2 protein chains.
Amino acid sequence: MEFNQLYMFSKACEYGIRASIFIATKSSEGVRVGIKDVSKEIDSPEPFTAKIMQILTKNGIIASAKGVGGGFEVSKEAVKSIKLIQIVDAIDGNTIYKGCGIGLKECSETHPCPVHNEFKKIRELLLTMLTNTTLEELASGVNSGDFHLKILNKNE
Amino acid sequence: MEFNQLYMFSKACEYGIRASIFIATKSSEGVRVGIKDVSKEIDSPEPFTAKIMQILTKNGIIASAKGVGGGFEVSKEAVKSIKLIQIVDAIDGNTIYKGCGIGLKECSETHPCPVHNEFKKIRELLLTMLTNTTLEELASGVNSGDFHLKILNKNE
DNA sequence: TTAATTAAAGATAAATTTGTCTTTTAATAT
DNA sequence: ATATTAAAAGACAAATTTATCTTTAATTAA
Ligand code: FES
Ligand code: FES
């Protein structure tokens, strides 16, 4: 019925976040994971996910190792320090919480659009959330079984 | 630097919101506006904006009249009753405030993703804002000159 | 009734995002 | 050293979104 179907983040960013969290949970058990495991676990297309992994490693969010026993990991220090916003920034940029809600070339306090005041509140809440949420929190929620990275099928 | 460049709404939706507000401001002066005026005023591509107008009229958000003296308008009743959410729903659907933030097939209280609790707050604030904001409020802000629908160039 | 005007509809094209496939590079194990 | 493993890089393809162009339909004015 509607024209588009818009989510808060791009597919790439969704995969990036889910993958980072999964890798972090595995790293907490001391094991690296390959791209196959990642895409299987977070239910995402493997080659595309691999591209996203490259972005994340370039941005220092995850680390990778080639060869036998290689794969992706998040270091003990990184898992504590990495915030959700770093993942979003690396993949979707900062326009979701910086840009004007109705597409003016820039969001400005002195030349505001009609939704500026209300929109600002939402963006600030989003920014605060992204800035304060660590990979560690997210991963521990998954480790404890309280939160999930995919919807399970009947025979899984 | 980043992979994508993601905004809260699609271009189509941004144009739709800006156009609706502009048409409402003109309707408050009792005049219809053609697609040319609309796209000029909100600084958007004309043929694409025309498509968006079709969606908006089909959804009863704006009214259109063909022929001489025709164009788009928002009725006095509509401008009071139409909420921002109706425009967003018609163009971008409801996934931005209904769907899971990190792309699980559905957002569920009983099978939540790691960002669910924090994300819910943001979506709820967004939903409240969209639900409570009328076209009238937005248009009157523009009429009063406090808010703007585009960034002016030097010689405008 | 004819011409002019303006939105609707439909076809097409460009740009972007998402997804895939192949080759290369780096690391490990034998 | 050689073979094996696994990520990086690059080329390519599909899907979606954005944008344009042309034709049709409806309305008004003369
Ligand atoms: S100017 Fe539009 S959100 Fe600030
Ligand atoms: S399950 Fe992800 S936001 Fe609710």
Side-chain angles (χ1 to χ4, degrees), chain A residues 2-19 23 26 31-40 42-74 90-93 95-96 103, chain B residues 2-19 23 26 31-40 42-74 90-93 95-96 103:
Chain A
E2 61 274 353
F3 192 68
N4 288 331
Q5 173 95 345
L6 207 84
Y7 288 82
M8 190 77 77
F9 301 122
S10 69
K11 281 288 153 209
C13 195
E14 291 177 354
Y15 300 153
I17 295 172
R18 301 216 299 270
I23 295 165
K26 284 305 198 179
V31 298
R32 286 194 186 127
V33 280
I35 186 61
K36 232 166 213 156
D37 304 300
V38 172
S39 62
K40 195 172 187 184
I42 70 169
D43 198 19
S44 68
E46 192 190 310
F48 189 57
T49 308
K51 288 292 176 201
I52 312 299
M53 295 299 96
Q54 291 176 26
I55 294 168
L56 294 177
T57 55
K58 273 175 195 152
N59 282 271
I61 292 158
I62 60 179
S64 72
K66 288 180 178 178
V68 179
F72 300 99
E73 68 184 313
V74 182
I91 302 173
D92 280 352
T95 45
I96 188 96
Chain B
E2 62 275 351
F3 191 67
N4 288 332
Q5 171 96 344
L6 207 81
Y7 288 83
M8 190 77 78
F9 301 122
S10 69
K11 281 286 155 211
C13 195
E14 291 177 354
Y15 299 154
I17 295 171
R18 301 216 300 270
I23 294 165
K26 285 305 197 176
V31 298
R32 287 195 185 124
V33 281
I35 185 61
K36 232 167 211 153
D37 304 300
V38 172
S39 62
K40 193 171 188 184
I42 71 169
D43 199 18
S44 68
E46 193 190 309
F48 189 59
T49 308
K51 287 292 175 203
I52 312 298
M53 296 298 97
Q54 291 176 25
I55 295 168
L56 294 177
T57 56
K58 273 175 195 153
N59 282 271
I61 291 157
I62 61 178
S64 72
K66 289 179 177 178
V68 179
F72 300 98
E73 69 184 311
V74 183
I91 302 172
D92 280 352
T95 44
I96 187 98

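Keep in mind that what you see is a predicted model, and the values were worked out from it rather than measured.
When the side-chain nitrogen and oxygen atoms of B:Lys51 are compared with OP1 and OP2 of C:dT12, none of them lie within a distance under 4.0 Å. Distances shown here put a side-chain N or O of A:Ser64 below 4.0 Å from the OP1 or OP2 atom of D:dA8. OP1 or OP2 of C:dA8 sits under 4.0 Å from a side-chain N or O of B:Thr57. In this structure, B:Tyr15 does not reach the D:dT18 phosphate: none of its side-chain N or O atoms is under 4.0 Å from OP1 or OP2.
In terms of position on DNA chain D, the residue among A:Ala65 and A:Asn4 whose nearest nucleotide sits closer to the 5' end is A:Ala65. Of the residues near DNA chain C, B:Gly71 and B:Phe3, the one whose nearest nucleotide (by heavy atom distance) lies more toward the 5' end is B:Gly71. Heavy-atom distances to DNA chain D give each of A:Gln5 and A:Phe72 a nearest nucleotide, and the one nearer the 5′ end belongs to A:Phe72.
B:Val33 comes within 4.0 angstrom of sugar-phosphate atoms only, judged by non-hydrogen atoms across all strands, and of no base. When heavy atoms are screened at a 4.0 angstrom cut-off, B:Pro47 is found touching base atoms of the nucleic acid. Within 4.0 Å of A:Ala50, counting heavy atoms only, lies no atom of the nucleic acid at all.
Taking CD from A:Glu46 and CG from A:Asp37, the interatomic distance works out to 9.5 Å, rounded to the nearest 0.5 Å. Rounding to the nearest 0.5 Å gives a distance of 4.5 Å between CZ of A:Phe3 and CD1 of B:Ile55. Here the CD atom belonging to A:Gln54 is positioned 6.5 Å from the OG1 atom belonging to A:Thr57, to the nearest 0.5 angstrom.
Nucleotide C:dA8 holds its C1' atom 12 Å from the CD1 atom of B:Ile62, rounded to whole Å. If you measure from atom CD of B:Glu14 to atom C1' of D:dT17, you get 13 Å, rounded to the nearest angstrom. Between A:Glu73 atom CD and C:dA27 atom P there is a gap of 14 Å when expressed in whole angstrom units. Atom CD1 in B:Ile35 sits roughly 11 Å away from atom C1' in C:dT6 (whole-Å rounding). Rounded to an integer number of Å, the gap from CG of A:Leu6 to P of D:dT17 is 8 Å. Put simply, NZ on A:Lys66 is 20 Å from P on D:dA3, counting in whole angstrom units. Summarising the geometry, the separation between NZ on B:Lys36 and C1' on C:dA4 is reported as 14 Å, rounded to the nearest angstrom.
B:Met8 and A:Leu6 make their closest contact through O-CD2, 3.0 Å (heavy atoms, listed as atom of the first residue, atom of the second, distance).
Side chain to side chain, B:Ser44 and B:Thr49 meet the donor-acceptor criterion of an N or O pair below 3.5 Å.
With hydrogens and angles ignored, no donor-acceptor pair under 3.5 angstrom links the side chain of B:Lys11 to the base of D:dT18. The base of C:dA9 lies close enough to the side chain of B:Gln54 for a donor and an acceptor atom to sit less than 3.5 Å apart.
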